[in-house]
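Okay, structure first, notes after.
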Amino acid sequence: MNHERSSFLFQQAKAAIPGGVNSPVRAFKSVGADPLFIKKASGSHIYDEDGNSFVDYVGSWGPMIAGHCHPDVIKSVQETMTSGASFGAPTVLENTLANMVIDAVPSIEMVRMVSSGTEATMSAIRLARGYTGRDKIIKFSGCYHGHADSLLVKAGSGAATFGVPDSPGVPAEVARLTLTAEYNSLDSVRKLVAENSGGIACIIVEPVAGNMGTVPPREGFLEGLREICTNEGILLIFDEVMSGFRVAYGGAQELYGITPDMTTLGKIIGGGLPVGAFGGRRDIMEKLSPSGGVYQAGTLSGNPLAMAAGIATLNIIKQPGFYEALAEKGQRVAEGIAKAARDAGYPIYSTRVGSMFCAFFSKGEVYDWPTASQCDTSAFSKYFLAMLDEGIYLAPSQFETAFISAAHSEDDIEKTIAAAAKCFKLIA
Ligand SMILES: *Cc1c(COP(=O)(O)O)cnc(C)c1O
């Protein structure tokens with residue numbers, strides 16, 4: 001497969017844009033290749049600048065649940081655009097999407113729109129701190145919540161009490177306030193809570209972890225977090241930027257029946273345009289400016305085009321049977337890939353929640369970051385590049401989730417499984 005033009009464009013990009021990309025994981029660095037420049041997409045497929053076509057399992061990292069270029073989304077955005085792209089004043093579209101979110105997500109009584117998932121989580125944490133009057137937060141190793149200072153922190157080795165920044169530029173003083181527990185380990189949470197009694201504002205968690213590969217919550221984990229938070233006056237924040245409208249219309253909280261105090265959203269609610277949102281209990285949300293004192297703002301928040309794309313997308317995916325059909329496709333492709341690996345004598349650890357799935361290059365179970373990080377990433381890289389050559393576009397990292405959309409066909413799935421059979425034989 002020829003990637004000449006993409007490679008040329010990447011060389012050009014590197015001169016103008018740091019690392020040649022506007023978001024690091026796009027760079028294909030962890031798989032040792034140059035990224036493809038994408039020219040267009042349609043349904044389940046993306047097309048690069050060299051004219052190659054791929055079955056797409058990235059879906060813009062989650063938003064494209066209805067498939068690329070859904071006619072309803074295009075129509076809605078085009079019509080909205082002709083009335084003006086942005087006013088910086090309230091619009092009906094904002095009321096509509098806010099009410100759709102409130103109707104969809106069980107715990108959300110009020111919601112504020114922002115322009116990215118990062119803004120949503122950053123703002124939710126400020127609000128949790130403002131509401132509780134406490135400064136410390138707990139997150140989980142391997143969970144990603146965007147790139148705000150206090151969230152770019154993971155565990156130091158073992159039972160580190162204080163956070164260590166993941167990036168230069170994050171002040172140690174800020175990172176110190178972020179405590180890190182292990183995913184699926186209530187004991188690790190209880191320990192931090194006991195050591196910091198009365199000091200923790202919130203626990204933020206991906207209720208289905210999707211940023212260390214796909215790691216489902218173990219039975220009792222989310223329930224246990226709910227109980228700890230209720231007992232300790234800690235706010236429970238579900239970061240559903242990925243899982244919201246993905247694992248069920250009402251997100252992971254609907255799927256598992258757990259009610260967080262606050263929820264962050266992004267990705268799907270923008271239908272491919274930049275949208276994030278955070279919402280929750282009314283008494284918490286009313287502490288937000290201008291009804292309360294916790295400041296948060298945005299020039300393009302609730303942007304009409306983004307609202308229009310979100311509304312159109314939600315109208316597509318709220319149809320009866322949508323998630324059942326999607327989960328069935330997810331199951332066929334994830335099980336097909338796992339079987340292809342077994343048949344090739346190279347068993348993997350396969351995880352899936354609805355239309356999110358992952359093939360971990362691990363012989364053992366993956367249930368947290370320490371177990372995920374033991375995967376054979378060099379074997380994954382070979383698999384990734386071989387799959388790309390077969391016309392299958394996966395996320396260029398072992399620690400990402402694959403997404404299937406409503407536009408993926410039976411043919412796409414068969415082609416994917418056949419490609420996987422070939423690629424696992426290559427690396428076995
Ligand atoms: C993608 C993601 C974010 C960040 O969203 P951006 O729109 O990239 O800022 C936050 N949390 C989770 C769980 C995500 O998957």
Side-chain angles (χ1 to χ4, degrees), residues 21-27 57-65 105 112-128 137-154 166-167 178 180 183 202-217 222 225 236-248 251-253 255-256 260 262-280 296 298 300-303 306 309-310 313 351 353-358 369 372 395-397 399-403:
V21 290
N22 283 311
S23 195
V25 74
R26 292 179 199 169
Y57 288 99
V58 176
S60 186
W61 301 89
M64 309 315 295
I65 191 168
V105 184
R112 170 140 310 164
M113 297 295 163
V114 293
S115 299
S116 70
T118 293
E119 265 186 275
T121 55
M122 179 186 82
S123 308
I125 280 171
R126 181 179 306 141
L127 183 53
I137 65 172
I138 293 179
K139 75 175 284 290
F140 293 89
S141 182
C143 281
Y144 178 67
H145 305 292
H147 61 91
D149 281 353
S150 51
L151 292 165
L152 269 191
V153 178
K154 63 184 177 196
D166 265 356
S167 161
T178 302
T180 310
Y183 200 77
C202 63
I203 296 178
I204 184 166
V205 65
E206 289 180 70
V208 175
N211 287 287
M212 50 174 153
T214 312
V215 179
L222 300 175
L225 293 181
L236 180 60
I237 304 177
F238 274 9
D239 180 357
E240 299 227 44
V241 170
M242 185 185 288
S243 59
F245 298 103
R246 169 57 70 176
V247 298
Q253 56 196 273
L255 188 65
Y256 298 112
M262 275 198 275
T263 302
T264 55
L265 296 165
K267 298 192 169 119
I268 289 172
I269 49 163
L273 272 77
V275 184
F278 62 107
Q296 189 280 327
L300 292 175
S301 293
N303 172 265
T313 300
T351 56
V353 179
S355 57
M356 295 169 60
F357 62 98
C358 181
W369 175 243
S397 162
F399 306 115
E400 299 291 351
T401 288
F403 300 102

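Remember, predicted model here, so these are calculated numbers, not experimental data. Numbering of ligands and ligand atoms starts at 1, following listing order.
Ser150 and Thr178 form no side-chain donor-acceptor contact under 3.5 Å, judged by distance and modelled atom types alone. Using modelled atom types, one finds no donor on one side chain facing an acceptor on the other under 3.5 Å when comparing Gln296 with Arg126.
Taken to the nearest 0.5 Å, the CD1 atom of Ile125 stands 4.0 Å off from the CD1 atom of Ile204.
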> Would Arg246 and Ser355 satisfy side chain to side chain contact (heavy atoms under 4.5 Å, CB included), going step by step from the backbone distance to the final call?
Replying inline: CA-CA 7 Å; Arg246 169 57 70 176; Ser355 57; 2.9 Å; yes

> Step by step, would you call Phe403 with Met242 a side chain to side chain contact (heavy atoms under 4.5 Å, CB included)?
Replying inline: CA-CA 10 Å; Phe403 300 102; Met242 185 185 288; 3.7 Å; yes

Contacts table for ligand 1: protein N or O within a distance under 3.5 Å of ligand N or O, distances only.
{"residue": "ligand 1", "atom": "7 (O)", "partner": "Gly117", "partner atom": "N", "Å": "2.8"}
{"residue": "ligand 1", "atom": "9 (O)", "partner": "Gly117", "partner atom": "N", "Å": "3.4"}
{"residue": "ligand 1", "atom": "9 (O)", "partner": "Thr118", "partner atom": "N", "Å": "2.8"}
{"residue": "ligand 1", "atom": "9 (O)", "partner": "Thr118", "partner atom": "OG1", "Å": "2.6"}
{"residue": "ligand 1", "atom": "11 (N)", "partner": "Tyr144", "partner atom": "O", "Å": "3.3"}
{"residue": "ligand 1", "atom": "11 (N)", "partner": "Asp239", "partner atom": "OD1", "Å": "3.4"}
{"residue": "ligand 1", "atom": "11 (N)", "partner": "Asp239", "partner atom": "OD2", "Å": "2.7"}
{"residue": "ligand 1", "atom": "15 (O)", "partner": "Asn211", "partner atom": "ND2", "Å": "3.1"}
{"residue": "ligand 1", "atom": "15 (O)", "partner": "Lys267", "partner atom": "NZ", "Å": "2.6"}

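Using a 4.5 Å heavy-atom threshold, the side chains of Phe245 and Thr313 count as separate.
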